[in-house]
Every structure is written in C-alpha cells, then in structure tokens.
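Report on the following structure.
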Amino acid sequence: MNSLNIKQLLDDLISQAMRHAGIDEPIAQIRQSQKPEFGHYQANGMMAAAKKAGSAPRMLAQRVVDMLDGHSEFDFEIAGPGFINIRLTAQFIERNMTDFQLHESPATRADTRTVVIDYSAPNLAKEMHIGHLRSTVIGDTAARVLEFCNHRVVRANHVGDWGAQFGSLLAYLDQITVPGEEISSKLVDLEKFYQSASKLFRVDQNFAAKAREYVVKLQRKDSRCHKLWEKFIAISLDHCQTVYHKLNISLTQADVKAESAYNDDLPVIVEQLQGRGLLTESDGAQCVFLDEFKGQNERPLPAIVRKSDGGYPYLATDLAAARYRSQIINADEVLYFVGASQQLHLRQVFAVASAAGFTKPQQIFRHLPFGLILKADGKPFKTRDGADVKLIDVLDEATRRAFTLINEKNSSMPEQQQLAVAEVVGIGAIKYAELSKNRTTDYIFDWDSMLSFEGNTAPYLQYAYTRIRSLFRKRPTQENSPVNRMTLTEDQEILLAIRVLQFTEAIDAYLEDYQANILCQYLYELASSFMKFYEHCPVLSEAQDIQDSRLHLAKVTAHILQTGLSLLGIQTVEQM
RNA sequence: GCGCUGGUAGCUCAGUUGGAUAGAGCACCUGGCUACGAACCAGGGGGUCGGGGGUUCGAAUCCCUCCCAGCGCACCA
C-alpha cells in the first residue's frame, strides 16, 4: 500500500516555509478544503502565526508562498483574511497514481507496538444480544486496522463465565437433565434456558436455596458441579463462535481469556494491595480509597476489592486482567471497547492498578466508550426481563432482507450465488450501520434504517466495487498490466484520484481516536467519487492511452475499497 | 446533590480540535436507462447549531450560566 500522506507532506512543506519566513514554532493547520474554489487543501495557520508575531496575516502568507516558489507540483493562492489555498497539479496526481503500488506493505507506522484490545466480552450465562454488537464490531475494526499497520495485536475476549448467576443455571441444568442425556440438547436456546432458570430462582424458594448451594460448590471446585459448568461454558462459547463466524468477526476461541481464568490471582491482588498499604476495611469489605473518587454527598468512594462475604467483585477481576496485560503480555497500549456506563468503574480500575504498581506509567490504558441501544419508544433493552433481541436473529433477518432485494434486482443469478451474496450484503449493512456512527451516545435500534441498502451504506460501497469488477470482466487482459503514464483531464477523475491518494490520511485520522466513522466517511466519499467518475467518464470506448489510464484508476479504487472494507470486517463480491 | 456524556434540517447522523456561505444519507419534488450495472447520477426545497451572555479578525467548536435527555455515584457483573 502506498504510504504517501498528502496532508503530512504539505504540513512539512508549509511549516518549513513558515520557519524561513521567520515563524519560530510554525503550525501550518493543513485541512482538506470543503469547497472546490478553495483548492484541494488549505493552510489556515497564517492568521494565528501573524497575530503572535504582530504582523499582517496576508503579508505573512505572501512571504510563505514566496518561499515555496520552486515547487511546481502545487499551486498556491492567498485568499480571504490569510488562507493559503493549495491546488495539487495534475502532474503531482498522475505521478503518484502511476507509482501507486498495490501490494506493498502498509507501514504507516514505523514503530511496532503491542496493543491489547478488550472487546466483545459477552456474558456466557446468556446468548449474545443486540447490545453486544457495538463492542464486537467496533473493537474488531480496531484490531484489524492496527494489524494492518504492522502492530502486534492481542485480542482479549474477557467473557463472563463466573458469578452467582451460574448457580441457578447449573442447578436448573442438573434438575432437568435425565442421567445419560446429552446436555447440549437442553441448551440449544440459551436465552430461553436462562429465562426459565432465573424465573424459577425468583418463584421457588427451594430452588433458590439450591442455586446458592451450587455457587458455593462451584467455587470449591466440586468435581461434578465443575464438570457441569465446563460443559455449559463450552456450549455457550460455541454459540458465540457461531455468531462471530456469521458476523465475520476475527475472534477465535484462542482469544478467550475468561473471568474465571483470573480466579487464582484474586487473593494475590488483595494481598499485594495490602502490602502496598492501600487497603482499608470498611463495613467488612476490603477497599481502596483514592482521593480522586467521591460518591454521593462527597463521601469517599471505595474501590471494593473483596466483599464483606469474602467474595470478589468484578473490579478485582479487572485489576487482575490489567496486571496480566501489563506484566505478562507487556502491552504498550490496552484499549477497552466497553459501554459508557462502565466509565467510573474503569477509571477506578486504571487508577488502582496504577497506584498499586500493577501497570507502568508509560503503558496507555484507554476506555473507548459507547452508548446503549434503545427500543423505538426510547426505553433501554433490559437484561433481566428477556426483552433482548438475539444477535443471531438480527443477522438472519439482515441476510433474509438482502436476499429478497438481490432476488428482485438480479433474478438471473443462480440461487446459490444469491444466497452467498445476501450474506455479504446483509452482514455488511449491519456492521456499517454501527461503524459509520461512532457516537458515545445512546441510539435507537430500528430495523429499517439499519437494514437499508441505499445511500451511505455498505451495499453502496460494495456496489461500487462490483461496477469496477464488471469493467475488468470486459477487459480481463488489463487487470495485471502496469500503466506507463496516467492522463487525468476531467474533474471527476482528478477528484477520484485525489481521494485514492488520501487513504493513508484516513487511516491516520482513524487511529487518533479509533473512530470508525472517519474510515466509513472516507470510503463513502471514495465510492461516491467513483460513481461520479463512472457516470461522466467513459472508459472502454476511449482511445488506448485514456482507457489504460482510467482502467488503472478504477483498479486502484477497487483495491482500496476492498482493503478499506476488509478493515471494517466487511466483504466484497464480484457481482451482486 | 455531584460527576461523565450528549442536544446540529421532518428523521438518522457528520462537522478534520477556533476558519471562509454549517454538510451527508433517508424522506419529499424535478430530470436522466436502446447507455462500461439506475442498489446509480444531475438538480431543488428544507437550519435561531437547546436558550442567554462572554472571549476575538473569526465560535456548532473555547469560557460562564440556565433548560432538557441518558448514564454513573458501597459490596450484581
């Protein structure tokens, strides 16, 4: 992949010129221009710099432009109060497009970092529901992009496989299973099973007592109980893998590091906190009090690491996980793709882990929050009342709707192929709907908007890709032939070529805050630029040199569309 | 009460960290398939950027204040 970054290039160029013009710490403020009359890029930093130096902005801009006289690949123009508008020449674009290498390593980052990504993390007591979509899809994109940039990525699926709720599940499982019967048959619908068990827990006191007994048994590693638990977990994990596979998520069972995996560390964590003098007993619980945390009425807010009944809350587990990621994995950075409601909790985890020396100061622990998914009436999906929409059902519905559409648009396609395309299109639409808005706020789940296949959606990008592939089905010999020289004359092809060359910029912008919508926006603009080019610039009917040039442009566009979509975990097809 | 988010077109959302006349998609209206694929393209209408004040050459963006919504604030995860 081409590692040209135009914005960076211009930043270096303008900053240098500003320095020569007498500005000490130049900030060029290079932006992509919003309007064609302002050029392709603009430097906005002259006004601020002139103010600081006590000179007139337009005069400074003029001095800077004078310094750049030798650069024939850009046109500079001073506008308004002191903007420098920058136009890329066709020569610059053609040269870089000709040199564009499809199969080079990306290497947008020279330094390779180890990044742990904590995402998905379903509770194995129940089936994955719509609420898991955000963490899973957003986190998976981060993993793919960081790997694409040659970082070492450790996927951490911190699944919930421990706690009191497993008491009633195991007690119920034990109660309804006939000896010798395969228990997996009882768990085909994990959701219903969970509901039945928790209902029984509420209405039947004998059962509730038994459930509590099972919790203790499980903690003591009672062998029969533990085996039952292991089977339950294995089946539940299989459910997850089925969902991951359908959703094209890169998580495997090897990425699972469950809560229970830290069980043996929990007493050690408390011991070490004790050794550091951080522990205080309060109402029978072992707590860490840090000054920065205040609760209601300004009362000190504890981070409880051991409950008064001797049990360990999830904060203890998260501390153990943080320590493991710091000391064993030796992470440079740990990203938590976890809901916004966990913000205080994670701040406590990071602060306590740091105070206790479980993590090192130079290691970056970051929470990347997101909001809840609401029903159409604005009420949240509750976890206990069974109102959750199963994730697998959402995926099947998406595929079903996509099939209906394809069948209508392209009925001559063999049915087997239609089904395969429907998977790719339906799943792509769901994921893109998530990724294209990376807001930290709640949002309303709506079938129709989520499964729309028009406008700024994954199918639009996939469709652009198939249109390009269609060109090469008509010119198969052009597919692998290099271009000697690009000839770009029409606005539409110049704008498309610029978009192509901005891919690295989009990746860099994404990595600032892991906001996938930036990547989506880029890909949408790329596809949109292609559609305009395709409408306006004939390809196959043109003379050979123009045809070669345009086919090369189309080829590179297709490659970036496919690469970009793959970073979002979205697939492409040859025809749809 | 305190803290964290957020409030932008009828709806869903962008807005590159203070830049030029606030942008997309959906929906609505008009035009374009005998045409490299119409899941598309060209064009149109639609805004008190929650209200008010302030900072400055310049504010959706920064500061203050108020209103509204969501989430969180001691032993469920």
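The analysis underlying the following values was restricted to heavy atoms, covering all of them including side chains, and did not include hydrogens, waters or symmetry mates. So that the names make sense, note that chain A is the first sequence line, chain B the second, and so on, each numbered from 1.
Taking atom CD of A:Gln521 as the reference point, atom P of B:U12 lies 18 Å away to the nearest angstrom. Spacing between atom CD1 of A:Ile27 and atom P of B:U17 amounts to 11 Å, rounded to whole angstrom units. One can place CG of A:Leu60 at 16 Å from C1' of B:G19, the figure rounded to the nearest angstrom. The nearest whole Å value for the distance from the OH atom in A:Tyr312 to the P atom in B:C76 is 15 Å.
The base-pairing partner of B:C33, taking Watson-Crick or G-U wobble contacts with both distances under 3.5 Å, does not exist among the strands shown. Nucleotide B:C62 forms a pair with B:G54, judged by Watson-Crick or G-U wobble geometry with both contacts under 3.5 Å. The nucleotide B:U17 finds no pairing partner, because no Watson-Crick or G-U wobble arrangement with both distances shorter than 3.5 Å includes it. B:U48: no Watson-Crick or G-U partner with both key distances under 3.5 Å is found in any strand. In this structure B:A74 sits in no base pair that meets the Watson-Crick or G-U test at under 3.5 Å. The base-pairing partner of B:G25, taking Watson-Crick or G-U wobble contacts with both distances under 3.5 Å, is B:C11.
A close approach under 4.0 Å does not occur between any side-chain nitrogen or oxygen of A:Lys35 and OP1 or OP2 of B:G19. Look at A:Lys51 and you'll find a side-chain N or O under 4.0 angstrom from OP1 or OP2 of B:C57. For the OP1/OP2 pair of B:U17 and a distance below 4.0 Å, the side-chain nitrogens and oxygens of A:Arg31 include at least one atom meeting the criterion. OP1 or OP2 of B:C76 sits under 4.0 Å from a side-chain N or O of A:Lys307.
Atom name C1', nucleotides B:U61 and B:C2: the rounded distance is 26 Å, in whole Å. Comparing the same atom, P, in B:A27 and in B:C68 gives a spacing of 36 Å after rounding to whole Å. Taking the P atoms as reference points, B:G54 lies 33 Å from B:U12, given to the whole Å. Using P as the reference atom, B:A74 and B:G58 are 47 Å apart when rounded to the nearest Å. Taking atom C1' on both B:C64 and B:U55, the two are 11 Å apart, rounded to the nearest angstrom. Comparing B:A24 with B:G47, their C1' atoms are spaced 15 Å from each other, to the whole Å. Separating the C1' atom of B:G19 from that of B:U5 is a span of 27 Å, rounded to the nearest Å. Rounded to whole Å, the separation between the C1' atoms of B:G1 and B:A20 comes to 45 Å.
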Inset, instruction - Verify ring-ring contact (aromatic ring centres under 6.0 Å, His included) between A:Tyr460 and A:Tyr524, making sure each step is shown before the conclusion. - result: CA-CA 8 Å; A:Tyr460 179 87; A:Tyr524 177 70; 5.1 Å; yes
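Checked by distance alone, A:Ser282 brings a side-chain donor or acceptor within 3.5 Å of a matching partner on the base of B:A74.
Put simply, the side chain of A:Ser135 gets close to the backbone of A:Phe337: a donor and an acceptor are under 3.5 Å apart.
Among the heavy atoms of the strands, none lies under 4.0 Å from A:Arg475. Backbone-only contact: A:Glu259 has heavy atoms under 4.0 Å from sugar-phosphate atoms and none from a base. Within the nucleic acid shown, A:Glu505 has no heavy atom closer than 4.0 Å to any nucleic acid atom. Residue contacts shown for A:Ala464 are absent, as no nucleic acid heavy atom lies under 4.0 Å away. Base engagement by A:Asp513 is indicated by at least one non-hydrogen atom pair under 4.0 Å involving a base atom. A:Ala509 comes within contact range of no nucleotide atom at all, as no heavy-atom separation falls under 4.0 Å. Across all strands, A:Ser308 comes closer than 4.0 Å to base atoms (heavy-atom distances). Nucleic acid contact for A:Gln343: sugar-phosphate only, since backbone atoms but no base atoms lie under 4.0 Å from a heavy atom of the residue.
Under the 30°/60° scheme for interplanar angles, the aromatic rings of A:His129 and A:His132 are found to be tilted. Relative ring orientation between A:Phe503 and A:Tyr522 is described as tilted, the plane-to-plane angle lying within the 30° to 60° band.
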Legend entry - Per-nucleotide protein contact string for nucleotides 29-39 of chain B, where B marks a base within reach and S marks sugar-phosphate only (heavy atoms under 4.0 Å, - for neither): -------BBSB
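For CD of A:Gln544, the number of neighbouring non-hydrogen atoms (other residues, nucleotides, ligands) closer than 6.0 Å is greater than 12.
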